[in-house]
2 protein chains.
Amino acid sequence: MVQKSKPPAAANEPKRRGRPRAYEPDVALGKALDLFRTQGFAATSLDDLSEATGMNRPSLYGAFGDKRELYIKSYQRYREDARASMIAIFRQEMPVRQRLERIYAAALNIYLSGETGPRGCFTVVTAASEAVGDPEIRAMVLEGLSELDKAFASCFRRAKEKGELPDSADPAALAQLASATVHSIAIRSRARVSRKELEGIVKGAIDVMVGVKP
Amino acid sequence: MVQKSKPPAAANEPKRRGRPRAYEPDVALGKALDLFRTQGFAATSLDDLSEATGMNRPSLYGAFGDKRELYIKSYQRYREDARASMIAIFRQEMPVRQRLERIYAAALNIYLSGETGPRGCFTVVTAASEAVGDPEIRAMVLEGLSELDKAFASCFRRAKEKGELPDSADPAALAQLASATVHSIAIRSRARVSRKELEGIVKGAIDVMVGVKP
DNA sequence: TGATTTTTGTACCATATCGCAAAATAATCC
DNA sequence: GGATTATTTTGCGATATGGTACAAAAATCA
């Protein structure tokens, strides 16, 4: 039930008043996210979360609110992380094909990571469970889905402007296909389809979207 | 707690010995499937199932086994139904585009049906939840995924033979894109994306896969 | 009619679950 | 050192959960 031995004494924080926390909120949230990603909301108990985070239930409650709030915060954290790794890829200038390859490689790294096996995409997992019954969560999922669509759309628009794609190419349609490929490998990864096979799917999809590599 | 008033006296059955069942296994399984599809395994309690099926728990247990077995049987039932509606579309001869349109229309009907709102694809829902932790269920999901891949692949192969697709077309890659589109609309439907929008995604995907309609 | 068989309905058990109250602990402030 | 503040720890309580035992019920069989 102990998370760390020595607090890194965050230099910026002025001076906390009462008993010092025995956990770091960030790493605790990360552990919670890990659990939720693999097991989902309903199948994850507060005891599970307590054990994984190293915080007992009242502390968990105090820090993050109830189970649902913790789930939401975990999901937000996931989105931030995912967005960060995507933005990095979008910043640099490179050919479409290469950009797509990098995006999918990053996605696969996220989806296949996990000590107990691959866990897929948390947006997809959440869509498949809580999204139907919880309007607030559903709104977040929708946002996550459309964010990806938009990123791909801008990617294809840029490519078209640079002449990498024929005039007939429809960036919006290509973007939704690119997103669909992401959703598909997310699903398949949870069924333990091998990385090799997933990479094959990605390659085939890219070939159809931007033309077979010369 | 009563499911029907009059048993339809199934003409084929010879003569059952003891007290007659107060439920029809088929409709009960259908109700269980409905619940599992919307809520998932963990979030569905035996009480929920008992109420929905009109059977009390001991009867449920006697008829289908424990909760997990009931889930598995529900999933098998779902797959049989889905397969039946696909086979019908594959039997008739028609242009690829039309065949694809029909397949996606059938899929959307399944995904968007439901009294309390859209429920998506049960294979996808199961992949996103139980598949990671339960090898037997995972195997069934894998089979469901690859069955769809194969159906699409044969669809594109036929189209290529008939000259509807260019020689350069790769049926396997196209099939995986077609499957990906199915997965994607399944996910999106659970986030309550409108039917209109989903149909737009489908149209865009078909255009990319078999060429824009002349 | 009475024995037999199958299913239902009630009640129950052991455990898990979520959430919280209250006391103990460890730091700072004065 | 004592007051204050923030956090941990222990433990509880109300309910939900999956599963089952057992008697009552409803049919057939002889």
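Chain A is the first sequence line, chain B the second, and so forth, proteins listed ahead of strands; every chain is numbered from 1.
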Report task. Mind calculating the distance between CG (B:D48) and P (D:dT17) to the nearest angstrom? Result -> 7 Å
Report task. Give A:S59 one of three labels, base, sugar-phosphate or nothing, depending on what nucleic acid heavy atoms sit under 4.0 Å from its own. Result -> base
Which pairs, protein N/O on one side and nucleotides 28-30 of chain C N/O on the other, fall under 3.5 Å?
from   : atom 1 : to    : atom 2 : distance (Å)
C:dT28 : O4'    : A:R17 : O      : 3.0
C:dT28 : O2     : A:R17 : NH1    : 2.9
C:dC29 : O4'    : A:R17 : NH1    : 3.4

Requested in this report: Measure across B:F64 and B:K73 and return the closest heavy-atom pair with its distance rounded to 0.1 Å.
Outcome: O-NZ, 3.1 Å
Query - Salt bridge flag under 4.0 Å for residues A:R188 and A:E197 - result: no
Report task. Could you work out which one of C:dG19, D:dG18, D:dA21 sits closest to the side chain of B:P58? Result -> D:dA21
Query raised in the report: Relative to A:F41, does A:R68 satisfy both conditions: NZ or CZ under 6.0 angstrom from the six-membered ring centre, and within 45 degrees of the ring's axis?
Result: no
Query - Nearest to side-chain heavy atoms of A:R19, which nucleotide of D:dA6, C:dT7, C:dC20 - result: D:dA6
Report summary line: Considering only heavy side-chain atoms of A:N56, the closest of D:dT9, D:dG19, C:dT17 is D:dT9
Requested in this report: Name the closest nucleotide to the B:Y23 side chain, picking from C:dG19, C:dT17, C:dT7.
Outcome: C:dT7
Report task. Run the salt-bridge test on A:D207 and A:K203 with the 4.0 Å N-O cut-off and return the result as yes or no. Result -> yes
Query raised in the report: Taking atom P of D:dA16 as reference, at what distance in whole Å does atom CD of B:E51 sit?
Result: 13 Å
Query raised in the report: Less than 6.0 Å separating the ring centroids of A:Y71 and A:F122?
Result: yes
Query raised in the report: Taking atom P of C:dT17 as reference, at what distance in whole Å does atom CZ of A:R57 sit?
Result: 9 Å
